[in-house]
Amino acid sequence: MAATDISFASGSPKFADTRLTELARTAGAVAAWREAIAKNGPDAALGTSGEFAVGLRLPDGGIFLAVDRFAICTLCYRVDNGQLRFAARADELADTSTQIDPQAIFDYLYFHVIPSPRTIYKGIYRLPPAHYALFENGQLKVAPYWVPSFAEQRSRSFDALKDEFRQLLQDSVTTQLDGSKPACFLSGGTDSSTVAGMIALASGRVAATYSIGFDTQGYDEMEYARLASRHFKTEHHEYYVTPDDLVRSIPAVAAHYDQPFGNSSALPAYYCARMAREDGVTKLLAGDGGDELFGGNSRYAKQRVFGWYNHVPGFLQKGLMEPLLGTRAAAAFALTRKAGSYVEQARAPMPDRLQMYNLIMRLGADDVLTPQLMAQIDTVAPLQLERAVWQMPQNCSHLNRELAYDWRFTLAESDLPKVLGATGCAGVGVGFPMLDERLLAFSLRLPTAYKLKGLQLRWFFKEALRGFLPDEIITKKKQGFGLPFGVWANTDPALKALATDSLHSLARRGVVRADFVQTLLTQRLPEHPGYFGEMVWILMMLEQWLATKAPQFSLAD
């Protein structure tokens, strides 16, 4: 697929025009796309939903590319000698002369992934979600074909919305089932439990559920997965990941991705998918998307609390609170220090506020990265990308703007690639019923107050499923497949050796400072394994990817 003379269409596109749907059925998706583009030009993608990526050579010699609204199907491209080449993966477009992009390394350390449109390679780009590209006469245009447009409906009753929502959930799961053994991830959270229960309604068959646990205090929530399994009478399977598992699988999982990927939940997801594969499952359903469509992330309530500061009269803000709480004396006491932190964050505009505790920025880029890398990067570039995405939705509530932002950075750039990469590495297909276009449309209509009621997260979702889900799962705190890597890296010799060797190798490449690596491993990680373990993880995964895909890469003099 990495050539201009090959057209392809992947995924399962759903055309709004029934004639195109029939054409896709009889002649294939490429033929349907050609007809759609001939009729609607670049707007062809706007009338298409579902999961898709398409790359077509047009009759006039141009090339059209597009990916779905969450970039579940991916597409990368590069321009070589006036010609556009494209492929599903960035590494398929790279050759021995392709250089690693230092800016992408910083983006990775900032986000723990490399968000589109950049990739790890210079000159190779990834099409962002809900975007198209048109290459004509040697010129490339990349633009969004869809931007979220929220139109809240406040007139419908709760009961009517509840009935519609439950039916949409069942229909969305039905669409994802392919006749093979019905199965899903089960973390014991609201979304995965909902999918598990809906599988039985949609298929009339017992769902096979797969859960991962950790024998480490504060990280295991198998109790809730078992509760959901009992409630929905699923065929339940469990696996407890160990440090030895990580040592065995980290190199392979890191190398499976087409660029460095630092979401640590990829490893538990991989073992979950591998367990399912060994059990004969060919497709798993995942619950990703429910939090981002219906207001379930704790930061949504947190940002609402910060928003209250805007209602404090200006003379109190400027004349009393900010002068007093910004002093050294205030910082000396816990209560006033906390109040000062609140004011400091509340004063920061969005989305800047979200990155005030960004790990690489809090540690100090100059203290972490070598002068060779610092000389080649723009530390403000990631925030500029965030600001641009933040501004895209128009005429919507603050919460809905947060949701749209997360559709890009949490889902499309991190959580979905995590699951897609993990299942792909294990040899299992995956479906995301929570991201069905009908549920997306429902979310766009749902009133803001139903998503975040006061400080109650995903209020409507939980109330609509009360009686369907166990009450204990509705009221539990979100956790998921969180990995106790920092704890294990301190206590397991083999895992500690893998991390140590990886970080020192990265230092020898001239990416991170050797003194920072030494302090991180010998002082900070033992003192705060949960916090600094994340930095060790993302550096280790960067080195593990480079060791396989770009072993000669170095910035060292």
Side-chain angles (χ1 to χ4, degrees), residues 67 70-76 87-94 100-121 124-129 212 241 245-246 248-274 286 288 358-360 382 385 406 408-428 430 432 480-483 485 498-499 502-503 505-506 509 511-512 533-551 553:
V67 296
F70 294 103
I72 296 172
C73 296
T74 60
L75 203 55
C76 298
R89 294 170 58 100
D91 54 3
E92 293 177 1
L93 295 171
I100 298 297
D101 185 354
Q103 182 65 48
I105 291 178
F106 179 74
D107 289 1
Y108 167 81
L109 297 175
Y110 183 97
F111 290 107
H112 305 181
V113 300
I114 303 172
S116 58
R118 202 183 308 278
T119 74
I120 190 63
Y121 300 104
I124 299 177
Y125 301 94
R126 186 182 305 275
L127 200 59
I212 289 298
V241 174
D245 289 327
L246 297 190
R248 284 192 297 269
S249 60
I250 279 172
V253 172
H256 178 77
Y257 287 86
D258 65 341
Q259 59 183 351
F261 187 76
N263 186 325
S264 61
S265 293
L267 267 295
Y270 164 71
Y271 273 96
C272 205
R274 198 176 77 163
D288 297 80
N358 181 284
L359 190 53
I360 184 70
L385 175 62
D406 276 348
R408 172 69 177 271
F409 289 108
T410 301
L411 286 176
E413 308 288 6
S414 183
D415 285 353
L416 301 185
K418 170 199 71 180
V419 179
L420 289 160
T423 53
C425 191
V428 179
V430 64
F432 301 98
F481 291 156
L483 182 69
F485 170 74
L498 177 63
S502 297
L503 268 61
S505 179
L506 200 60
R509 294 183 189 275
V511 173
V512 290
E534 187 72 10
M535 176 56 76
V536 175
W537 176 269
I538 62 174
L539 292 174
M540 178 184 67
M541 295 303 282
L542 172 60
E543 170 57 29
Q544 289 294 314
W545 187 90
L546 288 170
T548 300
K549 298 296 184 70
F553 170 72

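Only heavy atoms go into these numbers, but all of them, side chains included; no hydrogens, no water, no symmetry mates. In this text, all values refer to a predicted model and were calculated from it rather than measured experimentally.
Around the OH atom of Y125, the shell of radius 6.0 Å holds no more than 12 heavy atoms that belong to other residues, nucleotides or ligands.
Annotation: ring-ring contact (aromatic ring centres under 6.0 Å, His included) contacts of F111 (sequence neighbours excluded): F409.
With contacts defined as side-chain heavy-atom distances shorter than 4.5 Å, the pair I120/Y108 does not qualify. In this structure, K418 and S264 have side chains that are not in contact, with every pair of non-hydrogen atoms separated by 4.5 Å or more. Using a 4.5 Å heavy-atom cutoff, the side chains of Q544 and S502 are in contact. In this structure, the side chains of V430 and L420 come closer than 4.5 Å at one or more pairs of heavy atoms. In this structure, N263 and Y257 have side chains that are not in contact, with every pair of non-hydrogen atoms separated by 4.5 Å or more. Side-chain contact between L503 and V512: absent, with no pair of heavy atoms (C-beta onward) separated by less than 4.5 Å.
With hydrogens and angles ignored, the 3.5 Å screen pairs a side-chain donor or acceptor of Y271 with a backbone N or O of D245. No donor-acceptor distance shorter than 3.5 angstrom exists from the side chain of R89 to the backbone of T74, with no hydrogens or angles considered. No side-chain donor-acceptor contact under 3.5 Å links D107 to the backbone of P382.
With respect to R126 and D258, a salt bridge is recorded, a charged nitrogen being found less than 4.0 Å from a carboxylate O.
Residues P260 and I114 share a closest heavy-atom pair of CD-CD1, 4.0 Å. The shortest heavy-atom contact between A266 and F261 is CB-CE2, 4.3 Å.
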